[in-house]
Amino acid sequence: MNLSERTRIVSKGDRGLVDESPFVALDGEGNIWAGRGRSIDVYSPSGDFLDSFGRDGAGAGEFRYTGPMYTDRDGNVHIFDSMLGRETVADSRRKLKFVRSVPAGVNKVVSAANVSFVFVNTVHSDSTGIAYLVHELGANGIVRSFSRAPAGGSSATLERNIAVSKSGRVYVGERYAPSIDIYHEQGKLLNRITLPVAWVPPRNGDPRNMPNSELAGLVQDMVVDTSGVLKIIVWEPKDDWKSNATTFTGPGGETMYREKDYTVSWYRTSVLLYDAKANRVLDRKYSNISLWGFIDAESAFGYAYDKSGQPELVVFEVKY
């Protein structure tokens with residue numbers, strides 16, 4: 001597996017100021033779209049600032065929060081606003097194409113092999129009142145739902161990573177537990193795999209259930225490539241993470257930790273190449289730069305920091 005830096009974007013004044021957005025996309029011309037709260041900054045493939053799209057508001061082309069994005073086969077960028085419960089679609093020239101309503105609270109979105117469907121992570125109940133976490137969206141709303149929500153779940157236990165294969169398999173994974181459920185596209189659970197990780201998962205997948213002296217690892221993101229192999233971004237606690245930690249007293253009187261230097265991560269980041277059919281690891285590559293997510297099956301992004309602590313958006317090539 002090749003994991004190599006492709007583009008690095010540094011801040012150049014207020015326009016094009018790099019923010020640590022967890023939402024990044026590539027449009028049909030290879031331009032890089034990076035969320036910035038209530039708008040999106042767009043950079044050329046080489047990292048030069050081009051333009052901004054959107055502004056604060058509730059009208060067409062306006063946002064309350066620029067959330068997850070994906071790019072369709074025509075190169076259009078789909079932007080989900082979790083606060084407005086809306087999907088905004090723009091072309092590579094930043095021209096608004098259309099807007100439609102979607103469930104509120106979406107924090108993860110991936111496109112399916114069939115371009116008319118996408119899968120999103122948000123809590124939504126069906127007609128019987130049962131809450132599910134992953135939903136297939138069609139032109140007229142939710143088509144079907146996967147992954148029943150745990151009772152009394154926290155924000156951490158309700159997060160799900162999603163990946164979709166060309167054959168229609170839907171992979172749904174918890175963030176703080178190394179388990180991934182594999183569903184048929186019609187919703188039937190086919191299998192569950194457990195990733196080989198060194199860290200101990202928290203009880204019930206909730207990092208609040210870890211001892212104060214421990215740090216939970218996490219599965220940051222995943223994608224399925226064209227050959228059907230899973231690529232998974234894993235964050236594992238460093239052995240010496242406490243050397244960059246200071247303690248403080250939490251609201252309940254408990255001892256809690258925070259980073260002394262936010263530019264030095266508590267985690268080491270790797271990309272795991274996993275064959276779900278054979279249930280085995282094919283390869284693993286570590287990165288000195290924290291990887292935040294996949295953009296597509298062959299691209300990922302993360303953030304480095306300059307000497308002053310200013311973040312730099314880094315786009316990686318991830319090929320197998």
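The chain is numbered in sequence order, starting from 1. Everything numeric in this text was worked out from a predicted model, so none of it was measured.
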- Message: Please determine whether side-chain contact (heavy atoms from CB on, under 4.5 Å) holds for the pair Val234 and Arg284, giving the CA-CA distance in whole Å, both sets of side-chain angles, and the decisive distance to 0.1 Å.
- Response: CA-CA 10 Å; Val234 178; Arg284 185 172 204 160; 4.0 Å; yes
- Task: Under the side-chain contact (heavy atoms from CB on, under 4.5 Å) rule, what do Asp126 and Ser145 come out as? Steps first, then yes or no, please.
- Result: CA-CA 8 Å; Asp126 64 11; Ser145 298; 5.7 Å; no
- Item | Stepwise side-chain contact (heavy atoms from CB on, under 4.5 Å) test for Ser39 and Arg55 | CA-CA 5 Å; Ser39 63; Arg55 61 183 181 183; 5.7 Å; no
- Task: Kindly determine whether Glu62 and Asp56 satisfy side-chain contact (heavy atoms from CB on, under 4.5 Å), including the steps that lead there.
- Result: CA-CA 5 Å; Glu62 297 177 337; Asp56 183 23; over 6 Å; no
- Message: With salt bridge (charged side-chain N to carboxylate O under 4.0 Å, His left out) as the criterion, how do Asp91 and Arg93 come out once you've worked through the C-alpha distance, each side chain's angles and the decisive distance to 0.1 Å?
- Response: CA-CA 5 Å; Asp91 65 19; Arg93 299 182 181 277; over 6 Å; no
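Judged by distance alone, the side chain of Tyr303 and the main-chain N or O of Asp19 form a donor-acceptor pair under 3.5 Å. The backbone N or O of Leu133 sits less than 3.5 Å from a side-chain atom of Asn121, completing a donor-acceptor pair. Lys238 places a side-chain N or O within 3.5 Å of a backbone atom of Ser265 that can act as its donor or acceptor partner. The backbone N or O of Glu87 lies less than 3.5 Å from no partner atom in the side chain of His78, so there is not a single donor-acceptor pair. The closest donor-acceptor contact from the side chain of Arg160 to the backbone of Thr157 lies under 3.5 Å. Using a distance-only test at 3.5 Å, with no hydrogens or angles considered, a donor-acceptor pair links the side chain of Arg86 to the main chain of Ala58. In this structure, the side chain of Arg8 does not engage the main chain of Arg6 through any donor-acceptor pair within 3.5 Å. Put simply, the side chain of Gln220 gets close to the backbone of Trp292: a donor and an acceptor are under 3.5 Å apart. Between the Gln310 side chain and the Val18 main chain, a donor and an acceptor come within less than 3.5 Å of each other. Asn244 places a side-chain N or O within donor-acceptor distance of the main-chain N or O of Asp261, the cut-off being under 3.5 Å.
When each of Trp235, Tyr257, Trp199 is paired with Trp241, the ring-ring contact (aromatic ring centres under 6.0 Å, His included) condition holds for Tyr257 and for no other.
In this view, Phe49 and Tyr43 satisfy the ring-ring contact (aromatic ring centres under 6.0 Å, His included) rule, not counting sequence neighbours. With sequence neighbours excluded, the residues forming a ring-ring contact (aromatic ring centres under 6.0 Å, His included) with Phe119 are Phe146, listed by chain and number.
Classification of the Trp33-Phe53 ring pair by plane angle, with boundaries at 30° and 60°, yields tilted.
Summarising the geometry, atom CD belonging to Glu298 is positioned 11.5 Å from atom CG belonging to Leu26; distances are rounded to the nearest 0.5 Å. Considering OG of Ser101 and CG of Asp81, their distance stands at 11.0 Å, rounded to 0.5 Å. Between Ile295 atom CD1 and Ile32 atom CD1 the span is 7.0 Å, to the nearest 0.5 Å. Ser165 contributes atom OG, which lies 9.0 Å from atom CD1 of Ile182 (distance to the nearest 0.5 angstrom). To the nearest 0.5 Å, the span separating CZ on Phe23 from CZ on Phe80 amounts to 11.5 Å. With rounding to the nearest 0.5 angstrom, the CD1 atom of Ile142 is 3.5 Å from the NE2 atom of His124.
Put simply, the side chain of Val10 does not reach to within 4.5 Å of the side chain of Asp306, judged on heavy atoms. The closest side-chain heavy-atom distance from Lys285 to Val318 is not below 4.5 Å.
Ala25 and Val77 get closest at one heavy-atom pair: CB-CG1, 4.4 Å.
Note on residues 215-232: pairs passing salt bridge (charged side-chain N to carboxylate O under 4.0 Å, His left out), not counting sequence neighbours, are Lys108-Asp221.
Judged by distance alone, the side chains of Tyr320 and Asn2 never bring a donor and an acceptor atom under 3.5 Å apart. Defined by atom type and a distance below 3.5 Å, a donor-acceptor pair is missing between the side-chain atoms of Asn107 and Glu159.
Clustering ILVMFWY residues whenever any of their side-chain heavy atoms sit less than 4.5 angstrom apart, transitively, puts Leu137 in the very cluster that holds Tyr70. Tracing side-chain contacts under 4.5 Å through hydrophobic residues (I, L, V, M, F, W, Y), one never reaches Leu230 starting from Val271; they form parts of separate clusters. Follow the hydrophobic side-chain contacts under 4.5 Å out from Tyr183 and you never reach Tyr274; the two are in separate clusters.
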